[in-house]
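Contents: one structure, followed by commentary.
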Amino acid sequence: MKRTSLSELGEFGLIQHLSEKFVNKQSSTLKGIGDDAAVLDYGGKLIVLTTDLLIEGIHYDLRYTPLKHLGYKAVTVNLSDVYAMNAVPKQITVSLGISSKFYLEAIDEIYEGIRIACEAYGVDLVGGDTSTIKNGSILSITALGETDAESVVYRHTANSGDLLCVSGDLGAAYAGLQLLEREEHLFTADPSMTPVLKGYEYIVQRQLRPEARKDIILMLRDLDIKPTAMIDISDGLSSEIIHIGTKSGKGAKLYENKIPIADETRSFATELGIDALTYALNGGEDYELLFTIKQTDFPKLKNNPDISVIGHITEMSEEFLLITQDGTPVRLRAQGWKNFSK
Ligand code: ADP
Ligand code: MG
């Protein structure tokens, strides 16, 4: 019997393989697998639906992750996918697998984080499931949001000439993760030391307590801009640009000197002797929005401090180029998170 290793396929190859045999039959299924959320038409309103799975030891490390932050982040990363469809999140469900190492007080902390996020984003917790597991913990959240046919924005609808825009700054969450892991290793080796996070509050916060960019969705609406395509940045800028481009049958050109990177991210990268650009392109978990706009919309956001125009969509299908500071074109590769790498 042939045995194919998952590392050969990778996460996206596996999803592609699994979904091939399924054909949607419901007329209400407007968009199934392949975007930030599924889009369902229930007459008048469109419903978007998305789910995420967080596993202890893979997605979070409780040696440095406060439980309240874990609960908060579990919600915001899901809502980020709802906003990426230009939808408004309304309800979530929370499923929890916990081993006997957790006390009630610990679970209360996780749920306090979930509650604070529900308050902050105006969503209701409407259900879930609870089970014991042998080891560790698992947290899975499903989010449901609302939009309409005029507002919904997909990944596959970018046009050549559209401008590539990104909110906020990139790479900080991955820098924060590297800092936390470094300090954790030092602490394990010498428990008398005190982890040093001073001066790096921003990158730590970006890793432990990310926000979903509800504000950007509202701002775009106020500016009367409807993106032509959109995705949230969970796996790194390269991977997400390639998703938008590939799904739209286009290419993209992006300019190194336009990529927004915070000073703190740069100084931590310098400390480690790493190029901060690597964090922005291939680090994960920024949860910023990457979107494309028509060139005619450019004047509406050209001086906006929250948005950077980093490049444009090209007709060159599947050609993704990064133009470096000195003008050299380099091919982009989707490194991102390798879920099934060895
Ligand atoms: P995101 O990073 O935006 O959460 P993913 O890369 O996780 O998106 O997923 C891409 C698409 O594949 C989504 O439409 C998601 O619902 C779908 N998907 C992921 N895993 C599975 C699975 N095991 N079975 C079916 N669909 C899946
Ligand atoms: Mg997403």
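In each ligand, atom 1 is the first atom listed, and ligand 1 is the first ligand listed.
- Among all protein heavy atoms, the one lying closest to atom 14 (O) of ligand 1 is G34 N, 2.8 Å.
- Of all atoms in ligand 1, listed by their number and element, those nearer than 4.0 Å to a heavy atom of F12 are 6 (O).
- One side chain, D162 or T228, offers a donor N or O that lies under 3.5 Å from an acceptor on the other.
- The closest protein non-hydrogen atom to atom 27 (C) of ligand 1 is I15 CG2, 3.9 Å.
- Results of the salt bridge (charged side-chain N to carboxylate O under 4.0 Å, His left out) test with E285 over R209, R206, K73 single out K73 as the only residue that passes.
- Protein heavy atom nearest atom 4 (O) of ligand 1, with residue, atom name and distance: D81 OD2, 3.2 Å.
- Side chains of Y202 and Q207: a donor-acceptor N/O pair is absent below 3.5 angstrom, by distance only.
- Judged by distance alone, the side chain of S267 and the main-chain N or O of D263 form a donor-acceptor pair under 3.5 Å.
- In this structure, a donor-acceptor pair under 3.5 Å is present between the side chains of E211 and Y121.
- A distance-only check finds no donor-acceptor pair linking the side chain of D41 to the backbone of L46 [under 3.5 Å].
- Residue S234 places a heavy atom under 4.0 Å from ligand 1.
- Taking a cutoff of 4.0 Å between a charged side-chain nitrogen and a carboxylate oxygen, K300 and D297 qualify as a salt bridge.
- For atom 19 (C) of ligand 1, the nearest protein heavy atom lies under 4.0 Å away.
- At least one N/O/S atom of D232, from backbone or side chain, sits under 2.8 Å from the Mg ion (ligand 2).
- The protein heavy atom nearest to atom 25 (C) of ligand 1 is I33 CD1, 3.6 Å.
- Protein heavy atom closest to atom 23 (N) of ligand 1, with residue, atom name and distance, is L18 CD1, 4.4 Å.
- Regarding atom 7 (O) of ligand 1, its nearest protein heavy-atom neighbour is E11 OE2, 4.0 Å.
- Residue contact annotation: R155 has a non-hydrogen atom under 4.0 Å from ligand 1.
- No side-chain heavy atom of D52 sits less than 4.5 Å from a side-chain heavy atom of S234.
- Side-chain polar atoms of S140 and S95 form no donor-acceptor pair below 3.5 angstrom.
- Taking every non-hydrogen atom of D35 and a distance limit under 4.0 Å, the qualifying atoms of ligand 1 come out as 13 (C), 14 (O).
- With the Mg ion (ligand 2) as vertex, D36 OD1 and D81 OD1 subtend 100°, rounded to 10°.
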